[in-house]
Peer 1: 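Let me give you the structure first, and then I'll get to my questions.
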Amino acid sequence: MSSFAGRMKEYPTISLDRFDRENLHARAYFLSHCHKDHMKGLKGPLLKRKLQFSRTVRLYCSFVTKELLLNNPKYAFWEEYIVPLELESPTQISLVDEASGEKEEVVVTLLPAGHCPGSVMFLFEGSHGNVLYTGDFRLPVGDVSRMEHLHSGSRVKDIQSIYLDSTFYDPRFYQIPSREVCLSGISELVGNWISQSPHHVVWLNCKAAYGYEYLFINLGEEFNTQIHVNTLAMFKKMPEILSYVTTDRRTQIHACRHPKDEEFFQGNRLPCGCTAADGTPLRIISIKPSTMWFGERTKKTSVIIKTGGSSYRACFSFHSSYSEIKDFLSYLQPVNIYPSVIPIGRTLTEGTLETTALPVCVEESLPLTITDAQPAAHNYVDCTESNGEEEEEEEQQETAPDGFSLTLSGSQSNHSSQNMDSCLPDTLIIQPELDGQKQREEGDDGIIQSESQQSSDFDIPCTPESKVPRRDELSQLYRKLAAGEDIRFVKPHTRSCAL
DNA sequence: GCGATCAGGT
DNA sequence: CACACCTGATCGC
């Protein structure tokens, strides 16, 4: 959960993705994307009143975000105060104090963030330096070097601070299969199922959030069909999406939802209640998009895991992996990095919220901490699926190697499907009729590669009280990152962090 | 009745 | 182990 309080040190009269408390006094608002955890306070009556009295306060976002936002009647009052901006079009904005008349100019540029429809990063350029607020993002390695507005000529712009989506900024999440790999895995599973008969249907068990649209589009395109969803209203001005979704239940691919949809599925019913025309029972499989992550050296595993007789998990991530974030940061080399997510291991309490939620500066507090590298005892990833019956293993004590488990909680079956495939990177496991998984193989690719080397590491500290990285350590790290050297990252001290 | 918060769920 | 969101209970206004 984002713990970003809404404001940046350099431009404190701006509020982004938070609209409550102190943010009620902002001179301008920015919304990076239309997910509820970035919209706190956005429908508040206080804010509504402020807008009615203001001549200058506006909300800036992408056109798509505006469209999605206004689709919800609770936010309809924003309509006349939203200024949608084109992507990659630097726009000057005046930050005006309406009481004093004091004014500050800033240029903002929206950069596509790859998180969900309409999601953007905001690049601010003004008298307090260049600052990048990433919002939530997923960018493949290398994409940052192709973002024109982060460059000036052939040179990377000097970035004073990055306010970072640090959701997976943790070496445990070293790798997440690419969007393309995940999509093709899902496609293969869907295709193998629905081609068997018209009564074979797929239920995509997606959350109630924007971000699955590209999945619908790709499946719709591939199978020349539309995906059944509950409502089309939010897409009415977005033809690229609209043409791939439908409220007509007569399709083999569903992403509809119902408050009791899991129960429905257990009873072999779709959430929409659809049945076959001739009374033949439907053959339904569910595919639940879930984040799967893998270790530094393991690229070999399935993006689809069978979790029950008719249930599958499919790899799907809205957020960049650790290595993607590392690529992003090492390319931009910001002076400061402010993680948006409170590092694991603690929950925010009333007392700590105020202090920990505030931005932290590399030099002063500690967005980053250098730790000693651990010897690479085991460099393979133990991809296990927790089936909910096992005790939480104790293996994640200090004896745990830097491998980590792929644990899929919430599975209803006893069926273990770990280490599904150790050889075929993108191949999924499909067993339409066979319930057993006899070809299951132990994760035997635990070959320890030899290049383990001692070197520095950094991760997000558990608490603001933990040790501050020394300046020389940081510069050393940055030099390595800049040189493209392989840097080993250790597990964060999430377990040992005593609180 | 409303909003905010929390616990618990998927 | 994460996320984004929902429901329902509780509290305060």
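Chain A is the first sequence line, chain B the second, and so forth, proteins listed ahead of strands; every chain is numbered from 1. All of these numbers come straight from a predicted model, not from anything done at the bench.
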Peer 1: Check every strand shown and say whether His115(A) touches a base, only sugar-phosphate, or nothing at a heavy-atom separation below 4.0 Å.
Peer 2: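 Sugar-phosphate contact only.
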Peer 1: If the threshold is 4.0 Å, N to carboxylate O, is there a salt bridge linking Glu80(A) and Arg58(A)?
Peer 2: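 Answer for the salt bridge query: no.
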Peer 1: Would you say the side-chain atoms of Ser320(A) and Arg138(A) include a donor-acceptor pair closer than 3.5 Å?
Peer 2: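 No pair is found: no donor N or O on one side chain lies under 3.5 Å from an acceptor on the other.
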Peer 1: Could you tell me the separation between the CD atom of Glu213(A) and the C1' atom of dA4(C), rounded to a whole number of Å?
Peer 2: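 Glu213(A) atom CD is separated from dA4(C) atom C1' by 13 Å.
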Peer 1: Among the candidates dT5(B), dA2(C), dA4(C), find the nucleotide nearest to the side-chain atoms of Lys40(A).
Peer 2: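 Looking only at side-chain atoms, Lys40(A) lies closest to dT5(B).
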Peer 1: Taking the side chain as everything from C-beta on, heavy atoms only, tell me whether Tyr133(A) gets closer than 4.5 Å to Tyr338(A).
Peer 2: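 In short, these two side chains do not touch, never coming nearer than 4.5 Å.
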Peer 1: What is the distance, to the nearest angstrom, from the CH2 atom on Trp203(A) to the P atom on dT10(B)?
Peer 2: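 One finds 12 Å between P of dT10(B) and CH2 of Trp203(A), rounded.
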Peer 1: Does NZ or CZ of Arg179(A) lie under 6.0 Å from the centre of the six-membered ring of Tyr214(A), at an angle within 45° of the ring axis?
Peer 2: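 Positive - Arg179(A) is close enough to the ring of Tyr214(A) and near enough to its axis.
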Peer 1: Could you give the CZ-to-P distance, from Phe264(A) to dT10(B), as a whole number of Å?
Peer 2: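 My rounded result for the distance is 16 Å.
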Peer 1: In whole angstrom, give the distance that lies between atom CZ of Phe318(A) and atom C1' of dA4(C).
Peer 2: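 To the nearest whole Å, that distance equals 8 Å.
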Peer 1: From CG of Leu47(A) over to C1' of dA4(B), roughly how many Å is that when rounded to an integer?
Peer 2: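 Leu47(A) atom CG is separated from dA4(B) atom C1' by 16 Å.
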Peer 1: For His35(A) and Asp136(A), which I'm curious about, is there any donor-acceptor pair between the side chains at under 3.5 Å?
Peer 2: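 Side-chain D/A pair, His35(A) to Asp136(A): absent.
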Peer 1: Using whole Å, report how far CZ of Arg138(A) lies from P of dA2(C).
Peer 2: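 These atoms are roughly 17 Å apart.
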Peer 1: Could I get the full list of ring pair (Phe, Tyr, Trp, His ring centres under 6.0 Å) partners for Tyr212(A), not counting sequence neighbours?
Peer 2: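 Testing Tyr212(A) for ring pair (Phe, Tyr, Trp, His ring centres under 6.0 Å), a comparison that skips the adjacent residues, returns Phe316(A), Phe318(A).
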Peer 1: Considering residues at least two apart in sequence or located in another chain, which fulfil the side chain to side chain contact (heavy atoms under 4.5 Å, CB included) criterion with Gln52(A)?
Peer 2: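 For Gln52(A) the side chain to side chain contact (heavy atoms under 4.5 Å, CB included) partners, ignoring immediate neighbours, are Lys48(A), Tyr81(A).
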Peer 1: Using a 4.0 Å heavy-atom cut-off, does Ser317(A) contact any base of the nucleic acid, only the sugar-phosphate backbone, or nothing at all?
Peer 2: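 Contact class for Ser317(A): none.
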Peer 1: Ignoring the backbone of Glu262(A), work out which of dA4(C), dT10(B), dA2(C) is nearest its side chain.
Peer 2: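 Looking only at side-chain atoms, Glu262(A) lies closest to dT10(B).
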Peer 1: Could you check whether Asp165(A) gets within reach of a base, just the sugar-phosphate, or nothing at all, counting any heavy atom under 4.0 Å?
Peer 2: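 Result for Asp165(A) = nothing.
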Peer 1: Between the protein and nucleotides 5-13 of chain C, are there any N/O to N/O pairs under 3.5 Å, and if so, what are the atom names and distances?
Peer 2:
{"residue": "dC5(C)", "atom": "OP2", "partner": "Lys36(A)", "partner atom": "N", "Å": "2.6"}

Peer 1: Rounding to an integer number of Å, can you tell me how far Lys43(A) NZ sits from dG3(B) C1'?
Peer 2: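 My rounded result for the distance is 8 Å.
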Peer 1: Given atom NE2 of His258(A) and atom P of dT10(B), what is their separation to the nearest angstrom?
Peer 2: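 About 16 Å, once rounded to whole Å.
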